Amino acid sequence: MTLKLIKTESETPSINSILDKLNESQQKAVTSIEGPVLIIAGAGSGKTRALTHRIAYMIDQGIRPENILALTFTNKAAEEMSLRIASLVPQNAVTRIWSGTFHSIFARILRIEAESIGYTRSFSIYDTDDSSNAIKDIIRNLGISTQQYTPQAIRGKISSAKNQMLTWDKYTDVYTTSNDRTIADIYKEYEENLKRSNAMDFDDLLLNMIRILRNDMATLKKYQERFKYLLVDEYQDTNRPQYLVCKMLAEAHKNICVVGDDAQSIYKWRGADIKNILDFQKDYDNPTIIRLEQNYRSTKNILSAADSVIKNNRKQISKDLWTDNPDGDKIRLVECIDEIDEAEFIIKTINSKISNENISAKNFAVLYRTNAQSLAFENSCRKHKTPYIIVGGMSFYKRKEVKDVYSYLKFICNPKDNESLVRIINEPPRGIGQQTLSSVRSFAKNEKSSIYEAFQKIDSITDLASRGKNSIKAFTDFINEILVIKSKTEPREFATQFIEKTGLLQMYKEIDTEDSIDRWNNVQQVLSDIATFFRMEPDKDLEDYLQQVTLISDIDEKDINRDQIKLMTIHSAKGLEFPVVFIAGLEKGLFPFARTESIRDEEEEERRLFYVAITRAMENLYLTYATRRMRFGEYNYQNPSKFISEIDPKLIDMKAKPTQQSIVQPRSKLHGGNPYRPKADNYSQVFSDDSYSQMPENELKLKSGDRVKHSVFGPGKIESISGTPHNLQATVYFQTVGRKKLMLQYAKLEKI
DNA sequence: GACCTCGGATTATCT
DNA sequence: ATCCGAGGTC
């Protein structure tokens with residue numbers, strides 16, 4: 001090893017200069033190629049840099065690119081990685097490296113190996129919606145009311161069972177109520193349903209990968225030999241199936257390098273097990289352990305703030321993250337009236353920095369806890385003509401017409417795909433409605449076949465009106481015609497022709513409302529997206545394209561480097577950095593997210609999430625919260641997040657917003673018992689629909705958490721306050737009568 | 001079967 | 001506020 005290193009350094013100046021730019025630990029991370037390696041990498045410690053340089057170094061050492069498998073967790077991380085590898089390694093090598101998310105790499109392998117587990121290589125991947133729809137149908141067929149069991153909730157339970165590798169027949173061993181027995185039944189049906197549809201859901205991509213590797217030794221050996229060198233990013237976020245695949249693949253050569261930071265583990269809810277990183281030393285003999293503790297990203301103030309927050313977690317590996325960077329500005333904490341005011345403040349602040357301080361838009365990121373929060377920012381950006389991009393939001397793909405186009409394509413690739421078929425069969429209307437479809441469905445279920453297979457035997461379905469039969473025959477004729485075209489047309493050309501023939505575009509054109517013009521445009525956009533894909537990847541087929549679309553959620557991904565501000569959830573922001581970061585919505589109930597407060601482990605995960613958010617910032621960090629926020633069409637009044645108070649007060653600068661004259665709240669008031677009383681400011685007068693300043697003062701003297709007394713119900717505790725400013729309601733928990741929702745105007749609650 | 005209206009439930013986070 | 005399903009009418 002050492003000899004090799006010296007030789008390389010003298011011969012290839014490029015590697016030499018690359019190593020020169022790295023600190024000692026990073027160099028060690030780059031050059032420790034053989035055997036198990038554990039890299040504990042603090043936030044901003046140049047982890048991606050070390051990983052990518054490591055790959056460049058490996059290739060320089062003569063390791064063949066196709067023997068390298070680099071796995072990441074999210075698409076964002078995968079993309080960042082590929083981009084940076086590309087700048088270090090010759091192009092012909094880059095494309096030979098296997099690098100991507102667990103799901104996309106596994107899907108790629110599964111296409112090759114599909115037949116050995118009873119799938120065809122054209123299997124569909126069901127996204128969350130497809131799964132929920134399939135489950136909804138199952139629930140209906142089992143005659144269970146959808147009230148008690150929402151499809152989405154069940155999908156979640158089944159998914160987490162799968163993440164724990166709990167099969168349907170073992171489900172009731174762990175979960176034992178009668179509800180759970182019903183869930184197990186649905187789970188079973190769901191699995192059969194997927195099988196019949198030649199489809200896998202997201203979790204199956206991981207589980208089936210395990211099946212393939214366990215299936216026979218030859219296959220396992222094949223992939224062990226192909227992937228002689230494994231790199232796993234964000235190892236703290238791997239769940240059980242992901243962990244097992246890594247273990248199996250690394251078994252032969254033990255060349256596995258994992259990188260992680262326990263403080264940034266934020267996917268426990270998806271089955272991630274922090275033990276995987278903590279137990280690495282048990283799993284692999286005598287690993288090289290490297291700690292990256294110098295932070296290159298953030299100012300001292302930002303790093304200290306992050307540190308003061310994460311200190312409140314009990315469970316963690318102790319780490320000494322330090323930086324040579326300057327102190328920098330204090331952290332700005334800003335109170336806003338509502339989500340509109342918050343968005344206006346943030347976007348206006350960004351705009352003024354863009355024009356006055358000459359910082360370009362791409363340097364700004366607005367981070368939030370939930371996707372729903374993006375709307376207000378989007379509106380403000382549009383209003384002020386600020387270029388923006390919502391990263392990772394599914395908005396485009398969730399549109400009906402877009403999903404329909406993909407369903408058409410998915411169906412034609414995999415005619416067994418029931419969910420796609422159901423979506424498109426009557427879109428545009430073909431006279432095949434619920435009635436017709438449900439008799440075919442039950443026929444198909446009896447035959448243990450897919451719906452489309454049942455279409456082939458349409459004449460044997462007795463309880464079907466001839467009108468329905470004729471419509472179905474017309475549809476199968478249409479599909480057969482399309483299948484012929486597919487076999488002799490290039491994918492790109494085929495997609496365009498096919499969608500043209502479906503009549504979707506025609507339908508939108510004929511309707512000719514503003515809405516349908518949008519839809520028409522969106523379909524066109526999908527078609528041009530397809531064209532772009534095949535221009536870039538001429539050797540791939542439609543299945544490859546659809547797989548990519550299903551596993552990547554953002555069509556604007558390619559625009560990520562444009563000069564525009566970034567709006568995203570904190571989960572999406574993981575692994576990224578920005579000069580100026582805004583963390584919005586720091587309110588109780590929102591962040592930390594409701595429900596999690598009472599559960600210590602979950603609260604710790606929320607805190608790690610806040611830690612991740614803070615450490616995205618390089619130079620400036622803004623924290624904002626709103627005193628009321630629209631939810632379910634009603635305002636909710638909340639106190640600031642407890643996380644704010646965990647930041648060392650010395651690091652915080654709480655000022656009024658630029659146009660506000662009078663609010664400078666001392667920190668002590670933030671979490672004290674004083675009722676908070678906001679004042680009107682220019683933002684609210686201009687942008688809020690109802691003027692907050694006119695709110696009768698006395699109604700806000702109460703807030704959630706207060707103990708109150710009611711003339712009839714006696715003492716109680718306010719759980720939440722909601723409603724419109726002129727019609728406020730409090731949800732109060734009384735010892736005598738339990739939970740009551742009262743109108744403050746009339747209830748005459750007395751504070752005690 | 002298509003279209004309408006009404007009522008209820010719904011909101012984490014990613015693949 | 002908005003999306004979805006149920007139930008009614010044409």
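In this text, all values refer to a predicted model and were calculated from it rather than measured experimentally. In what follows, every chain begins at residue 1, and chains take the letters A, B, ... in the order their sequences are listed.
- With the nearest nucleotide of DNA chain B identified for both A:Leu609 and A:Ile432, A:Ile432 has the one nearer the 5' end.
- With the nearest nucleotide of DNA chain B identified for both A:Arg631 and A:Gly468, A:Gly468 has the one nearer the 5' end.
- The shortest distance between the side-chain N/O atoms of A:Thr128 and the OP1/OP2 oxygens of B:dC14 is not below 4.0 Å.
- Rounded to an integer number of Å, the gap from CG of A:Leu551 to C1' of B:dT15 is 7 Å.
- When the nucleotides B:dT13, B:dG1, B:dT15 are ranked by their closest atom to the side chain of A:His571, B:dT13 comes out on top.
- Not one side-chain nitrogen or oxygen of A:Asn239 sits closer than 4.0 Å to the OP1 or OP2 atom of B:dT15.
- Using a 4.0 Å cut-off, no side-chain N or O of A:Asn426 falls inside it from OP1 or OP2 of B:dG1.
- As rounded to whole Å, 15 Å separates atom P of B:dT10 from atom CZ of A:Arg155.
- Seen from the ring of A:Tyr635, A:Arg628 counts as a face-on cation partner, given the 6.0 Å and 45° thresholds.
- Looking at A:Tyr545 and A:Asp529, their side chains do bring a donor and an acceptor atom within 3.5 Å of each other.
- Distances from the side chain of A:Thr74 to the nucleotides B:dA2, B:dT13, B:dT15 place B:dT15 closest.
- Within the 4.0 angstrom heavy-atom criterion, no nucleotide atom of any strand lies near A:Glu605.
- Heavy atoms of A:Ser104 sit nowhere under 4.0 angstrom from any nucleic acid atom.
- Distances shorter than 4.0 Å separate none of the side-chain N or O atoms of A:Thr101 from OP1 or OP2 on B:dC14.
- At a threshold of 4.0 angstrom between heavy atoms, the contacts of A:Tyr267 are confined to the sugar-phosphate backbone, with no base atom among them.
- Of the candidate nucleotides B:dT15, C:dC4, B:dC14, C:dC4 has the atom lying nearest to any side-chain atom of A:Lys136.
- Checking the phosphate oxygens (OP1, OP2) of B:dC14, a side-chain nitrogen or oxygen of A:Asn371 falls inside 4.0 Å.
- Closest to the side chain of A:Phe593, out of B:dA2, B:dA12, B:dT15, is B:dA12.
- In this entry the distance linking CZ of A:Arg140 with C1' of C:dA6 reads 11 Å, nearest Å.
- Donor-acceptor pairing under 3.5 Å is recorded for the side chains of A:Tyr190 and A:Asp201.
- Side-chain N/O atoms of A:Asn75 include one lying less than 4.0 angstrom from OP1 or OP2 on B:dT15.
- Partner A:Leu230 forms a side-chain contact (heavy atoms from CB on, under 4.5 Å) with one of A:Val258, A:Val245, A:Leu69 and no other, that one being A:Leu69.
- The distance between atom CE of A:Met568 and atom C1' of B:dA12, rounded to the nearest whole Å, is 17 Å.
- Look at CG on A:Leu71: it is 14 Å from P on B:dT15, rounded to the nearest Å.
- By the 5.5 Å and 30° criteria, A:Phe73 is not stacked with the base of B:dC14.
- Of the inter-residue distances, the one linking A:Gln264 atom CD with A:Gln236 atom CD reads 6.5 Å to the nearest 0.5 angstrom.
- Across B:dA12, B:dG1, B:dC14, the shortest atom-to-atom separation from the side chain of A:Trp269 is found for B:dC14.
- Comparing B:dG1, B:dT15, B:dC14 by their closest approach to the side chain of A:Ser572 singles out B:dC14.
- Relative to the side chain of A:Arg467, the nucleotides B:dG1, B:dA12, B:dC14 differ in distance, and B:dG1 lies closest.
- Using a 4.0 Å heavy-atom cutoff across all strands shown, A:Asp203 reaches no nucleic acid atom at all.
- In this structure, CG of A:Asn379 is placed 14 Å from P of C:dA1, rounded to the nearest angstrom.
- Expressed to the nearest 0.5 Å, how far CG of A:Leu504 lies from CZ of A:Arg519 amounts to 10.5 Å.
- Using modelled atom types, one finds no donor on one side chain facing an acceptor on the other under 3.5 Å when comparing A:Arg467 with A:Asn470.
- Side-chain atoms of A:Thr150 lie closest to B:dT10 of the nucleotides B:dT10, B:dT15, B:dA12.
- One interatomic measurement links the two molecules: CG of A:Leu375 to P of C:dA1, which rounds to 13 Å at whole-angstrom precision.
- Here C:dC3 presents its P atom at 16 Å from CG of A:Asn133, a figure rounded to the nearest Å.
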